[in-house]
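As the structure is a prediction and not an experimental result, all values here were calculated from the model. We name chains A, B, ... by the order of the sequence lines, and we start the count at 1 in each one.
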There are 2 protein chains.
Amino acid sequence: MVVDQLRDADVDRLFQALADATRRDIVRRVTVGEYSVSGLAALYDMSFAAVQKHVAVLERASLVTKEKRGREQIVRGNHEGLQKARRLLDEYEAIWRQRAGRIADILAEG
Amino acid sequence: MVVDQLRDADVDRLFQALADATRRDIVRRVTVGEYSVSGLAALYDMSFAAVQKHVAVLERASLVTKEKRGREQIVRGNHEGLQKARRLLDEYEAIWRQRAGRIADILAEG
DNA sequence: GTATCGTACAACCAAATGGTTGTAGATCAG
DNA sequence: CTGATCTACAACCATTTGGTTGTACGATAC
């Protein structure tokens, strides 16, 4: 079986991006306020380049946007990625509810 | 900054587990019905051992459970992991809503 | 009892990941 | 103009990941 292809790669990138504590922290911070990449880098015990890579991963996953302002690159939260992830998990939750419904039906008719 | 540690590793595992199309497909299937590991393996174009590893990753993330029945290992969906992931993303959504609230306040007072 | 089935697990491999340092180009401050 | 700052990106490295094959062992079928 080949699962879906095009869409799957996006979803992979999305959850992959969320699977790192530093990246999740970045997402929270830039949702509340604006940060430059170096402003973010100052917060963590790792190199600027490492943080830069994390931001790039988040950007490709649509969890964050970057906008050039002078020599700085301003990072902001991107609601799109988060909404997509939530919708995905909602679909899974719906499968659970269907299952619960079927079980209830069986109990009712039995 | 060190983000949180103990809890973070769990969350990492959870989203990491979701960041693979085959594993997401397994989650959907075993939520609807029961499958043995070899029953699952028959569905995908990869070795039994590969599927076995995917199931192990999902089990460690609390997205599925395994139960021995005779010589088979029955895999079922585990709601716990999904709920945890959804709650996590709900927290992020809450940050967006707080932000929207602050912006509305500023507009109202201005 | 013996062959088969389902599973576990080790060893191995290529590719991806998360980090580093170093270099170079814009932009800003003085 | 010059120097400092912010960013981009390449090269490199160790570890993890996702896959493979092979071996071993308990449970089942005949």
Do A:Leu18 and B:Leu89 have side chains that approach each other closer than 4.5 Å (heavy atoms only, starting at C-beta)? yes
From B:Asp25, B:Thr31, B:Val32, residue fulfilling side-chain contact (heavy atoms from CB on, under 4.5 Å) relative to B:Arg28: B:Asp25
OH on B:Tyr35 to CD1 on B:Ile74, rounded to 0.5 Å: 12.0 Å
Between B:Asp10 and B:Arg13 (salt bridge meaning N to carboxylate O under 4.0 Å), is one present in this structure? yes
side-chain contact (heavy atoms from CB on, under 4.5 Å) with A:Val27: which of A:Leu58, A:Asn78, A:Val75? A:Leu58
Under 3.5 Å donor-acceptor, A:Ser38 side chain and A:Ala41 backbone: no
Expected list for residues 46-58 of chain A near DNA chain D, using heavy atoms below 4.0 Å, is A:Phe48, A:Ala49, A:Gln52, A:Lys53
Spacing of A:Arg60 atom CZ relative to C:dA16 atom P, expressed in whole Å: 11 Å
Under 4.0 Å between a side-chain N or O of B:Lys66 and OP1 or OP2 of C:dA8? yes
When you measure from the side chain of B:Arg23 to the backbone of B:Gln16, do you find a donor-acceptor pair of N or O atoms at a distance under 3.5 Å? yes
Hey, does the side chain of B:Gln73 reach the backbone of B:Lys68 with a donor-acceptor pair shorter than 3.5 angstrom? yes
Can you check the B:Asp20 CG to C:dA16 C1' distance for me, whole Å? 13 Å
Identify which nucleotide among D:dC6, C:dG18, C:dT7 has an atom closest to any side-chain atom of A:Ser38, counting heavy atoms from C-beta outward. D:dC6
Atom CD of B:Glu67 and atom C1' of C:dA8 are separated, to the nearest Å, by 18 Å
Give a yes or no on whether a salt bridge exists between A:Glu93 and A:Arg97, defined as a side-chain N under 4.0 angstrom from a carboxylate O. yes
Which whole-number value in Å describes the distance from B:Phe15 CZ to C:dT17 P? 17 Å
Taking only N/O atoms, report every protein-nucleotides 23-30 of chain C pair under 3.5 Å with atom names and distance.
| from | atom 1 | to | atom 2 | distance (Å) |
| --- | --- | --- | --- | --- |
| C:dT27 | O2 | A:Arg71 | NH1 | 3.3 |

Are B:Glu34 and B:Arg29 side-chain neighbours, meaning at least one heavy-atom pair lies under 4.5 Å? no
If we fit an axis to the first five pairs and another to the last five of the helix from C:dG1-D:dC30 to C:dG30-D:dC1, what angle do they make, to the nearest 10°? 30°
May I have the distance from B:Asp12 (atom CG) to C:dT17 (atom C1'), rounded to whole angstrom? 13 Å
Which sits closer to the 5' end of DNA chain C, B:Ile74 or A:Gln16, going by the nucleotide each is nearest to? B:Ile74
Pairwise side-chain contact, B:His54 with B:Met46, heavy-atom cut-off 4.5 Å (strictly under): yes
Check whether any side-chain N or O of A:Gln73 sits under 4.0 Å from OP1 or OP2 of D:dA8, and answer yes or no. yes
